[in-house]
Student: 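I'd like to ask some things about the structure below.
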Amino acid sequence: MRIASIGGGPAGLYFSILMKRAFPETQITVYERNKHDDTFGFGVVFSDETLGNIENADAESYAAIRRNFAYWGDIETYHAGTCVRSTGHGFCGLARKKLLEIFHERCRALGVKLEFQHEIQDDSELAGNDLILAVDGINSIIRKKYEAHFKPSFDWRKARFCWLGTTLPLSAFTFVFKETQWGLFQVHAYPFEKNLSTWIVECDEGAWRRAGLDRATEKETVAFCERIFAGDLKGHRLIDNRSTWRAFPTIRCERWQHGNVVLMGDAAHTAHFSIGSGTKLAMEDAIALCEAFRSHGTRDVPAVLAAYESARRDEVSRTQHAAQTSLEWFEHSTRYVSQPPLQFTFNLMTRSRRITWDNLGQRDPELVRRVGEWYASENGIPRAPDGSVAPPMFAPLRLRGMQLENRVVVSPMCQYSARDGTPDDWHLVHLGSRAIGGAALVFAEATNVTAEGRITLGCTGMYSEAHVAGWKRVVEFVHGHSRAKIGIQLGHAGRKASCNLPWEGDDPLRDGRAWQTIGPSALPFAPDWHVPREMTRADMQAVQLALANAVRMAERAGFDVVELHMAHGYLFSSFLSPKSNQRTDAYGGSLENRMRFPLEAFAAARAAWPEEKPMFVRISATDWLDDQGGWSVAESVVFARELKRLGCDLVDVSSAGNTPESKPVYGRMYQVPFAEQIRAEAQIPVMAVGGIQSADHVNTILAAGRADLCALARPHLADPYLTRHAAARYGHHDFPWPDPYLLGRPRRS
Ligand SMILES: Cc1cc2nc3c(=O)[nH]c(=O)nc-3n(C[C@H](O)[C@H](O)[C@H](O)COP(=O)(O)OP(=O)(O)OC[C@H]3O[C@@H](n4cnc5c(N)ncnc54)[C@H](O)[C@@H]3O)c2cc1C
Ligand SMILES: Cc1cc2nc3c(=O)[nH]c(=O)nc-3n(C[C@H](O)[C@H](O)[C@H](O)COP(=O)(O)O)c2cc1C
């Protein structure tokens with residue numbers, strides 16, 4: 001078998017080593033346009049986990065890496081004149097030049113041919129090879145040549161960064177945040193050799209331009225950075241090496257394989273440097289490709305490449321997802337710099353959502369204990385008799401006259417089990433058991449203010465005395481037998497009304513039971529859905545009146561809080577989004593006009609609700625349509641400010657649901673960044689929801705200051721006692737238990 005590698009970076013060299021070891025008879029040539037000792041960049045960094053993979057793949061190169069690396073376990077964050085140190089992490093750094101030397105030596109020892117200063121112009125020069133590695137880096141010419149096939153996408157970020165070195169010896173991965181007259185500058189630094197460290201400087205585009213760095217030479221850049229980081233560099237110099245300012249592109253390719261050509265490393269995908277180097281991904285690609293050859297043999301190269309691609313894609317996309325979350329954190333770090341140093345550090349550590357309260361607690365129990373103590377003292381968690389404090393999820397919260405005992409909320413969940421809109425025993429047991437389960441607040445499902453506003457015939461309503469009586473029974477049980485508060489979500493399904501029950505199809509009713517739906521414009525939710533009737537002013541006034549009536553009924557039923565449902569494409573949400581609202585009157589067009597009806601409805605509802613009781617609004621923060629003209633997070637911030645002005649106490653931040661074209665990127669805690677942005681920019685309390693899978697996630701979100709409450713839906717279906725179980729697991733033995741259950745209460749040992 002003959003293999004040619006276009007590029008002699010980590011991906012090409014490491015694959016050549018592994019392949020030659022596994023299949024010594026293969027002939028491998030690496031073509032590298034640079035000289036053997038050219039080097040750009042400074043140190044590369046690997047985590048303990050990556051080191052383990054490298055050790056298993058080739059013990060010899062691992063041993064050489066080990067002999068040369070700088071190892072550290074701490075992360076230091078310099079911010080607001082303080083340094084917070086976190087321990088227990090485990091990384092190693094190594095000069096990129098040294099890494100390449102190790103690989104060169106190992107290639108030669110194994111018989112891989114290295115051709116330096118040999119630039120490949122076109123893969124046709126390599127005809128006759130059975131496998132061509134397109135490992136020619138971020139500007140890959142092979143990816144470009146076959147772009148119609150590989151379908152690359154380039155997400156160019158706005159932040160600017162510059163890769164520098166320094167003689168400052170560091171003993172930890174180091175982050176520095178420096179506020180300057182031009183804006184915030186941040187450093188990602190780590191040691192890689194005795195007395196040498198990588199020092200990456202990053203800032204937003206505005207700061208970069210204001211500081212004149214868009215016109216600076218490399219020497220001027222060095223002088224500028226030495227000046228602003230003089231105190232942190234402690235008299236040491238910065239070193240440049242092709243240290244120009246760059247913007248980071250996240251590159252993704254729909255395909256990595258074309259016949260016998262395969263893209264690997266930076267040519268195939270990039271991951272922001274803030275979660276570790278692209279070198280790690282490049283080497284792990286090499287390991288995975290060699291594994292594919294080991295499993296499938298060398299006869300059918302395209303089949304092996306296809307197997308490699310399907311085995312590797314998920315891991316790469318997980319890493320890219322974590323990198324994306326991390327890079328967005330750094331892009332928005334100005335939001336967080338006003339946080340106290342401990343919280344800021346916790347926020348930074350948990351930015352990619354891979355590290356959480358629990359696993360940071362295992363790595364660095366002391367830091368998590370300090371964050372917990374701080375959060376407890378700020379948020380009124382009392383100290384237990386043994387001196388411990390419960391984690392953030394057990395902090396109380398007061399909103400107007402409503403006192404919540406902790407921060408866990410049962411998210412509203414339609415049960416589709418009502419008859420003529422009236423809740424029955426199912427609702428009593430469903431909500432009652434979750435209230436006993438320990439959540440501070442349980443929300444009754446999307447309850448409709450008119451019969452036509454129901455999503456399905458099984459949806460609950462709040463438009464008749466029977467409804468008030470049915471709900472009163474549930475509320476009285478919750479108040480009488482638990483310490484939970486109970487809220488109701490009121491709404492109108494708009495153009496998404498008149499549907500089958502989910503377990504009977506979840507699509508529009510097609511028989512005689514169907515009814516005429518209404519919406520801002522006569523546009524169906526999807527092509528085969530009911531076409532709504534465009535609402536008149538009189539229709540709007542009728543809905544507003546029904547809403548205010550429902551709010552008064554909710555008060556009579558005894559609810560503690562009302563949440564208006566302005567999310568998921570239902571009536572109010574469909575007014576907000578330009579995708580569904582194409583009116584030409586005062587209720588469509590500009591953002592101000594699209595917000596008008598939801599805001600008028602909110603004001604009417606607020607006026608009908610007692611002053612001492614809070615009112616929430618659930619929104620879909622985005623339509624997830626990128627540049628295709630849907631509702632955006634920026635608009636949500638404006639909307640949240642307006643709601644706050646009208647007396648809204650909290651925004652419950654969900655997303656999507658307004659159009660089937662939405663492309664949400666699901667994942668753990670995936671809507672939290674929207675909640676966090678609205679909290680920071682509109683200065684209003686928020687409830688996060690979506691993919692909050694556990695108490696661990698709740699503690700992470702709260703401690704980092706990303707939300708004030710956390711709503712969990714599906715986890716509460718699986719475990720109504722989620723909060724009670726969490727109290728036991730975290731040793732919070734003062735958590736109150738209902739009298740009849742006291743014998744089952746865990747005790748302090
Ligand atoms: C300026 C800069 C500095 C960096 N510094 C660091 C750092 O300090 N630490 C770190 O961890 N990561 C650093 N990175 C990122 C890191 O280099 C990559 O993520 C990683 O090296 C990816 O490995 P690769 O083998 O896929 O690509 P690369 O390392 O980019 O290797 C590709 C190789 O292909 C060669 N090549 C390209 N086209 C041809 C051709 N037509 N013919 C022959 N040869 C060709 C290139 O010269 C290059 O050597 C840096 C990136 C840049 C751009
Ligand atoms: C069975 C079910 C019913 C739901 N009904 C509602 C609802 O009535 N109102 C609402 O705003 N969201 C509703 N949702 C969405 C949830 O409240 C929540 O936002 C979503 O499930 C994401 O949270 P999770 O990842 O914790 O499940 C429902 C979700 C489920 C699973």
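In this text the structure is predicted, and so the values were computed from the model without any measurement. Whatever order the structure lists them in is the order used to number ligands and atoms, beginning at 1.
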Student: My question is simple, although I want it checked carefully: is atom 52 (C) of ligand 1 less than 4.0 angstrom from any protein heavy atom?
Tutor: no
Student: L717 to ligand 2: N or O pair under 3.5 Å?
Tutor: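 No: no nitrogen or oxygen of L717 is under 3.5 Å from one in ligand 2.
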Student: Is it true that the side chains of D424 and H427 contain a donor and an acceptor less than 3.5 Å apart?
Tutor: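 A pair is found: one side chain offers a donor N or O, the other an acceptor, under 3.5 Å apart.
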Student: Give a yes or no on whether a salt bridge exists between R312 and E315, defined as a side-chain N under 4.0 angstrom from a carboxylate O.
Tutor: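 Here R312 does not pair with E315 in a salt bridge, since their nearest N and O are not under 4.0 Å apart.
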Student: When you compare the side chains of E202 and H188, does any donor N or O come within less than 3.5 Å of an acceptor on the partner?
Tutor: yes
Student: Check each heavy atom of Q415 against ligand 2 and say whether those closer than 4.0 Å belong to the side chain, the backbone, both or neither.
Tutor: neither
Student: Just to be sure I read this right, does ligand 1 sit under 4.0 Å from the backbone of H118, its side chain, both, or neither, counting only heavy atoms?
Tutor: backbone
Student: How far is atom 3 (C) of ligand 1 from the closest protein heavy atom, and which atom is that?
Tutor: G41 CA, 3.8 Å
Student: Do ligand 1 and G43 have nitrogen or oxygen atoms that lie under 3.5 Å from each other?
Tutor: yes
Student: Starting from atom 5 (N) of ligand 1, what is the nearest protein heavy atom, named by residue and atom, and what distance separates them?
Tutor: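 Of the protein heavy atoms, W163 CE2, 3.2 Å lies nearest.
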Student: With a heavy-atom distance limit of 4.0 Å, tell me whether R246 approaches ligand 1 through its side chain, its backbone, both, or neither.
Tutor: side chain
Student: Out of all atoms in ligand 2, which are within 4.0 Å of some heavy atom of P715? Include the element for each.
Tutor: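 Contacts of ligand 2 toward P715, numbered from 1: 26 (O).
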Student: Within ligand 2, which atoms have a heavy atom of V689 less than 4.0 Å away?
Tutor: 18 (C), 19 (O), 23 (O)
Student: So is R242 touching ligand 1 or not, going by heavy atoms under 4.0 Å?
Tutor: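 No.
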Student: Suppose I only count heavy atoms of G690 and a 4.0 Å limit; which atoms of ligand 2 are within that range?
Tutor: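 So the atoms of ligand 2 that pass are 22 (C), 23 (O), 25 (O).
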Student: Applying a 4.0 Å heavy-atom criterion (strictly less than), which segment of Y190 is in contact with ligand 1: side chain, backbone, both, or neither?
Tutor: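 Side chain only; the backbone of Y190 stays clear of ligand 1.
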Student: Relative to the heavy atoms of S411, which atoms of ligand 2 are at a distance of less than 4.0 Å?
Tutor: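 Checking each atom against S411, I get 16 (C), 17 (O), 18 (C), 19 (O).
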Student: At under 4.0 Å between heavy atoms, is it the side chain or the backbone of A282 that contacts ligand 1, or both, or neither?
Tutor: side chain
